[in-house]
Amino acid sequence: MAILPIIETPDPRLKTISSPVETIDDDLRAFIKDMFDTMYDAPGIGLAAIQVGVPKRVLVIDLQDKDEETGKVIRDPRVFINPEILEESEELSVYNEGCLSVPEQYADVERPAVIKARWLDEQGQSHEDVLDGLLAICLQHEMDHLEGILFIDHLSKLKRDMVLKKLAKARKMAA
Ligand code: GNR
Ligand code: NI
């Protein structure tokens, strides 16, 4: 079990364009396990490798839905290696997004509501599926990280500056 430090804005590494994974081996699988440990500890519902300083096209997602009856969290870990978006709906959805690299700040972001995506899993198996709801939102948020984009980059400069100002203030209070 290894919890890796999460990089926060304005660290320039978050602007890196991550490189495709060429070999899916035990080293990569060990790193993916560390990514899950880090994501669950944070806690978050997704994590891209660049958020722990590794510029590879790898991301993990677990929406951790709650069971209606027992209230227990259902774990549903998903791994996406070299993900691609093949199609996106014209219909958009708005979600109040957050990011572990922009801690405790939230803002509404509009994205395609439904996407068709292709990716590899940790065994190198190829998958193609139509995704919607929070999974589609989270996958697009994580895929943005692979291009060096944060959710605040989708906001107007005015809103982005407001979020960054609030973050600076929160950090100052915590110092
Ligand atoms: O934990 C997270 N929650 C979240 C909420 C709405 C939209 C996207 C996310 S992803 C985020 C974790 C993170 O920063 N992943 O990159
Ligand atoms: Ni994020």
Side-chain angles (χ1 to χ4, degrees), residues 2-21 28 31-66 73-85 88-89 91-115 117 119 121-122 129 131-156 159-164 166-168 170-171 174:
I3 292 162
L4 309 171
I6 295 175
I7 294 172
E8 296 181 1
T9 191
D11 191 309
R13 286 174 290 177
L14 290 169
K15 304 232 171 182
T16 313
I17 295 181
S18 295
S19 305
V21 170
L28 183 72
F31 171 63
I32 288 169
K33 197 184 163 298
D34 291 345
M35 285 181 68
F36 276 113
D37 291 342
T38 304
M39 182 190 78
Y40 290 128
D41 177 72
I45 59 171
L47 188 74
I50 192 61
Q51 292 181 278
V52 292
V54 177
K56 286 187 189 169
R57 302 185 85 82
V58 182
L59 58 93
V60 297
I61 293 177
D62 189 333
L63 302 180
Q64 299 162 74
D65 260 342
K66 272 209 186 125
V73 176
I74 309 165
R75 282 207 173 172
D76 180 20
R78 296 164 184 263
V79 177
F80 297 81
I81 299 169
N82 299 343
E84 298 167 73
I85 292 179
E88 47 190 49
S89 64
E91 184 201 342
L92 304 175
S93 72
V94 178
Y95 195 84
N96 196 244
E97 297 195 15
C99 181
L100 296 171
S101 298
V102 190
E104 287 161 60
Q105 307 304 316
Y106 301 87
D108 283 353
V109 177
E110 200 173 46
R111 302 181 185 275
V114 187
I115 54 172
W119 67 94
D121 66 21
E122 70 278 22
D129 206 355
L131 308 175
D132 63 7
L134 185 55
L135 182 56
I137 290 163
C138 192
L139 182 60
Q140 291 175 83
H141 173 116
E142 303 312 334
M143 286 182 68
D144 272 353
H145 279 298
L146 307 184
E147 302 300 324
I149 295 167
L150 299 175
F151 80 93
I152 53 174
D153 296 323
H154 289 278
L155 310 177
S156 66
K159 281 193 187 160
R160 180 167 53 251
D161 287 349
M162 271 170 54
V163 169
L164 291 173
K166 276 175 62 191
L167 178 60
R171 280 174 172 155

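Counting starts at 1 for both ligands and their atoms, in listed order. Starting from 1, each residue takes its place in the sequence as its number.
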Notebook entry, point to check: Under 3.5 Å, side chain of Gln64 to main-chain N/O of Gly44, donor-acceptor pair present?
Noted result: yes
Item checked: N/O/S atom name from His141 that is nearest to the position of the Ni ion (ligand 2) -> NE2
Checklist line | Atoms in ligand 1 with a heavy atom of Gly44 nearer than 4.0 Å | finding: 1 (O)
Note to self: Tell me if a side-chain donor or acceptor on Arg78 pairs with a main-chain N or O of Ile61 at a distance below 3.5 Å.
What the structure shows: no
Note to self: So, regarding Ile137 and ligand 1 (criterion: nitrogen or oxygen to nitrogen or oxygen, under 3.5 Å), is there a contact or not?
What the structure shows: no
Next item on the list: Would you mind running through ligand 1 and noting each atom that sits below 4.0 Å from a heavy atom of Gly98?
Entry: 4 (C), 5 (C), 6 (C), 8 (C), 9 (C), 10 (S), 11 (C)
Margin query: With heavy-atom distances below 4.0 Å as the criterion, list the atoms of ligand 1 near Cys99.
Written below: 14 (O)
Next item on the list: Looking only at protein heavy atoms, identify the closest one to atom 3 (N) of ligand 1 and say how far it is in Å.
Entry: Ile45 CG1, 3.4 Å
Check: Is the shortest N/O to N/O distance between Leu100 and ligand 1 below 3.5 Å?
Finding: yes
Margin query: Would you call the rings of His141 and His145 parallel, tilted or perpendicular, taking 30° and 60° as the class edges?
Written below: perpendicular
Checklist line | His141-ligand 1 polar pair, N/O distance under 3.5 Å | finding: yes
Next item on the list: Please report which non-hydrogen protein atom sits nearest to atom 13 (C) of ligand 1, along with the residue it belongs to and the distance in Å to one decimal place.
Entry: Gly46 O, 3.5 Å
Note to self: Using every non-hydrogen atom in the two residues, find where Val52 and Ile6 come nearest and quote the distance to one decimal.
What the structure shows: CG1-CG1, 4.4 Å
Next item on the list: Answer with side chain, backbone, both or neither: which part of Glu97 has a heavy atom less than 4.0 angstrom from an atom of ligand 1?
Entry: both
Check: So which heavy atom on Gln105 is nearest to which on Leu167, and how close?
Finding: NE2-CA, 3.8 Å
Checklist line | Sub-3.5 Å N/O-N/O distance, Glu142 and ligand 1 | finding: yes
Next item on the list: For the residue pair Asp65 and Asp76, establish whether any side-chain heavy-atom pair is separated by less than 4.5 Å.
Entry: no
Check: For Ser93 and Ile137, which heavy atoms make the closest approach, and how far apart are they?
Finding: OG-CD1, 3.9 Å
Item checked: Among Glu97, Glu88, Glu91, Glu142, salt bridge (charged side-chain N to carboxylate O under 4.0 Å, His left out) partner for Arg111 -> Glu97
Check: Side chain of Gln140, backbone of Pro112: donor and acceptor closer than 3.5 Å?
Finding: yes
Next item on the list: Please state which part of Met39 comes within less than 4.0 Å of ligand 1, counting heavy atoms only: side chain, backbone, both or neither.
Entry: neither
Next item on the list: Within a distance under 4.0 Å of any heavy atom of Tyr95, pick out the atoms of ligand 1 and give their elements.
Entry: 6 (C)
